[in-house]
Amino acid sequence: MEKAAKIVVDCPLRDIDKTFDYMIPPHLDAFIEIGSRVIVPFNRRMVQGFVVDIEENYINNEKFKLKEIDKVLEFPSILDEKLVKLAKWLSFNYNSSLFSCIQSMLPRGIKLQLSEQYSLVRSTLDSDFNDFLSKPRQLGDILDNFQLTKDQINRYLLEGYIKKTLNIKTVVKEKYLQEITLDRDIDEITVPATALRQQQLLELLDNQQRLILSELPAPLRGAVKVFQEKGYIKSKKIKVYREPDTLNLNEVQPKELNCQQQKIFGQLVESIYEESTTTFLLKGITGSGKTEVYLRFVKELINNGKDAIILVPEISLTPMMVSRFKERFGDMVAVLHSGLTEGQKFDQWLKIKEGKVKIAVGARSAVFAPFKNLGAIIIDEEHESTYKQEEQPRYVTRDVAKKRLEQTNGTLLLGSATPSIESYYNSKIGNYKILELNERANNKPLPNIDIVDMREELIKGNKSIFSHSLHSAIGETLGKGEQVILFLNKRGFSATTLCRECGFTFKCPNCDVNLTSHHQGNFLICHYCNYSLSLPNSCPKCSSKHLRFNGLGTERLKEDIQKNFPGAKIIRMDNDTMSTASSYNEVYQNFLEGKANVLIGTQMIAKGFDFPKVTLVGIILADMTLNFPDYKSSEKTFQLITQVAGRAGRADYPGRVILQTYSPEHYSIRTSSQYGYEEFYNEELAMRRSLAYPPFTRLAKIEVVSKSENTGRAVVREIYNKLEEKLENIPESIQLLGPVVPAIPRLKNKFRFMIIVKFPHKTSFLNIINQLNLIKFKSDIITNIKVDIDPATLM
DNA sequence: AGCACGCCGACT
DNA sequence: GTCGGCGTGCTC
């Protein structure tokens, strides 16, 4: 009786989701489990792989003998069985290769670089060759130095002159420090009176007992060497975990919970002891103290011996959340997000894996943090679209979290001031339990939102981008020494640049979009492919000199503010000004300290900011997000307005919000200005129902991207026909739409074609799409096929 | 992805 | 004849 293992190999294959079978040799049997990382021979070379299944009674076929697993890399295994199970679920549900799913669960730095080396076993007739191979050499090295062919090398191998060994290198190395301590009684050590450095070192060692070699100044390291030679000291390697920078931490006493918070806390605590998974939706207005509830809940989990994961929507928000948790839980917290260095990521992951921490705070991929006894996952700002992974595997974090928690009967806690339509609907139909916080902790009312109809301003003869009321409000606010935030969801100077005589507009040569002007209009840049061009003096088509900037971006807004309010000190915050990782924090500090009094920004200013002196928020043009050609644009607009409005009046001064729009009658704008989530939800849900959009149906987006327009069109047609044929015999109603031409048909010089599928929640569609093996429709290397299940947008 | 095989043209 | 160009096919 023999054992075999199913293994996913680290090798991109045409047959996207194939596993390969290998024998488990008896001497490795004790170390191989589901989730083990192994090295296997694969088509004349060695590759890395993961064990995803073990077959106990494998009968080896004489005709087709399986190869054996060569090495096991870690024991206990790098992934546990539960995570492998989750990877299989991911692979099935998001039409992704099992390998890509496993990869997304591990830090990239864990990857190995394999290379083969040759060394001498017994002497050949060529003495130069013998000398050369006295130490291990790469094949390329040998071929460069000797007139040998690969065949001749292989003959040497066969005849036993040389041998091949596998060299395994990790991309990221674990970090160690040298710690030195005295190895003798201090009285036994005599240092010459002239040796100043040695005396300093001895004194330091006497005072501090242990010293870290790399922290000593260079001259003292010389003295360390002398001591080492004399045997006065011993040194020891100590493992350190690389830590990301954190904001300044203060000792913080837990805040008293108010009545609402207390009640919610009670319900969360109850769920810890339940033998099933509960999903809670915590709907709490800005400033209602959601984080304090998270902190208390996590404390309770830890007291029960469980681990917790806290997810935040983007990297810039992690430092805030991390410091809140570190203040309360000290070094029980690990941080995981893509802004860390490879080494930091690796070490933070290792700390979790080794059970050294109980809490992980991070971006979406932290949902896979390798805790053994996961008690809860908290998803803060659950409605954010950043929780959708846009690369393979294209998962929805909320659904992955739920699936993962089912393995340990853990609790899923979704928090938001403006829950996604899907989540709120789920709470209405009883899938999630709703928890509500509608009192602000400081009892301050939410700021008033005044809508200004920009059409009327135009009729009144006001052609500027500021309505009368916004203009005077900015003046007043600045006059009182208070601060203003202006929100505009478009970076750059102007949206389009056109010729006033012939109507020519500047377009990107690679994408079907207009170029956005930057740097006072001197440069034209494509926001999709970064193509840029300096603005010519005249129209390329008719040579007219009358070029005009149309539409408004943050850059021009800044210029206009400067013109209208000469005393204003302005900071701009958008993708262009946020070049480095630290700039976010810099802007935050500068504005907080009052070094500027106007903050202009795109949606990145909508979240997390807490400035006590901001009393006015201006939304320059709410229509910008509203007119996005996507079924979620109303929802996004509502959420953005609510969030941005929440930046005003956070401390002692009352705040106000002025919202400028050309469509004040739109329900997103109407309801958000009243903080009417329920009204918005009802209108939006009715719309979704009538048009058959989520949550009433599920969506899939199949996108064909090709350098050749004709190939792309042909491939999408072929897929459509095949799908149509497969769906014929299915009783459930699955709706195929397309092929659809997307809003931007050409991006980075590639043509795009889409098929949209609407399918029910209980579905066999996933089976069908997985069996279809779309890769085989791929006719050439210039055509790509992407499948996105539950996409964040249909664009 | 890599690695070998094979089939064709350019050269000793 | 044979060296090497890269198109094609396979990987338990």
Side-chain angles (χ1 to χ4, degrees), chain A residues 1-29 32-73 84 88 91 96-104 106 108 110-118 137-144 146-158 162 164-169 171 391-393 711 773-785:
Chain A
M1 215 142 46
E2 291 179 284
K3 267 185 166 184
K6 287 203 183 303
I7 288 170
V8 269
V9 291
D10 180 3
C11 183
L13 293 162
R14 245 185 103 72
D15 253 328
I16 191 155
D17 226 11
K18 207 166 177 173
T19 58
F20 292 83
D21 298 340
Y22 286 87
M23 296 312 298
I24 300 175
H27 71 282
L28 293 183
D29 187 31
I32 287 181
E33 48 194 3
I34 290 179
S36 290
R37 184 160 65 146
V38 294
I39 303 275
V40 291
F42 189 66
N43 188 22
R44 304 177 196 93
R45 75 203 153 107
M46 292 291 182
V47 296
Q48 198 195 144
F50 294 92
V51 175
V52 293
D53 263 314
I54 292 175
E55 206 171 318
E56 296 287 342
N57 307 313
Y58 188 86
I59 298 148
N60 211 344
N61 187 331
E62 280 307 314
K63 273 182 283 178
F64 186 78
K65 264 197 139 168
L66 295 186
K67 291 183 180 174
E68 283 189 347
I69 293 175
D70 190 67
K71 273 191 184 60
V72 190
L73 288 161
V84 172
K88 288 179 183 170
S91 163
S96 302
S97 72
L98 191 48
F99 187 77
S100 74
C101 296
I102 288 175
Q103 221 171 16
S104 62
L106 298 168
R108 212 166 324 147
I110 214 157
K111 199 172 165 149
L112 301 174
Q113 281 168 346
L114 304 181
S115 60
E116 282 172 334
Q117 291 187 322
Y118 295 79
R137 303 283 187 175
Q138 305 245 313
L139 182 64
D141 267 3
I142 303 172
L143 296 177
D144 286 348
F146 295 90
Q147 295 288 336
L148 289 168
T149 64
K150 271 190 169 180
D151 281 349
Q152 286 166 303
I153 302 257
N154 281 335
R155 198 172 314 135
Y156 275 147
L157 271 172
L158 270 170
I162 56 177
K164 203 158 70 168
T165 48
L166 189 67
N167 183 31
I168 303 171
K169 264 200 329 203
V171 176
E391 275 130 50
Q392 269 231 30
T711 315
N773 195 7
L774 287 166
I775 292 267
K776 68 176 185 247
F777 291 91
K778 199 177 143 154
S779 53
D780 51 44
I781 40 162
I782 59 164
T783 308
N784 272 317
I785 302 162

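Chain identifiers are assigned alphabetically (A, B, ...) following the order of the sequence lines, protein sequences preceding nucleic acid strands; residue numbering begins at 1 within each chain.
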For A:L114 and C:dT11, give me the distance from atom CG to atom P, rounded to whole Å.
20 Å
Rounded to whole angstroms, how far apart are CG on A:D10 and P on C:dC12?
15 Å
Protein-nucleotide distance (A:E116, atom CD; B:dC3, atom P), rounded to Å:
8 Å
How many Å lie between CD on A:Q103 and P on B:dA1, as a whole number?
13 Å
When rounded to whole Å, the NZ to C1' distance for the pair A:K67 and C:dC10 reads 11 Å
Value in whole Å for how far the P atom of B:dG2 lies from CG of A:L166
14 Å
Got a sec, which residues hit side-chain hydrogen bond (donor to acceptor under 3.5 Å, both in side chains) with A:Q48, two or more places apart in sequence or on another chain?
A:R37
Restricting to salt bridge (Lys or Arg N to Asp or Glu O under 4.0 Å), what partner residues turn up for A:D21, sequence neighbours left out?
A:K6
A:Y58: ring-ring contact (aromatic ring centres under 6.0 Å, His included) partners, not counting sequence neighbours
none
Can you sort out the partners of A:E116 under salt bridge (Lys or Arg N to Asp or Glu O under 4.0 Å), two or more places apart, ordered by chain and number?
A:K164
At what distance, to the nearest 0.5 angstrom, does CD1 of A:I7 lie from OH of A:Y22?
6.5 Å
Could you list by number each residue of residues 37-45 of chain A showing a heavy-atom separation from DNA chain C of less than 4.0 Å, or answer none if no residue does?
A:P41, A:F42, A:N43
Return the value, rounded to whole Å, for the distance between atom CD of A:Q113 and atom C1' of B:dA1.
15 Å
Return the set of residues passing salt bridge (Lys or Arg N to Asp or Glu O under 4.0 Å) with A:K88 (not counting sequence neighbours), or none when no residue passes.
A:D53
Roughly how many Å is it from CD in A:Q138 to C1' in B:dG2, rounded to a whole number?
15 Å
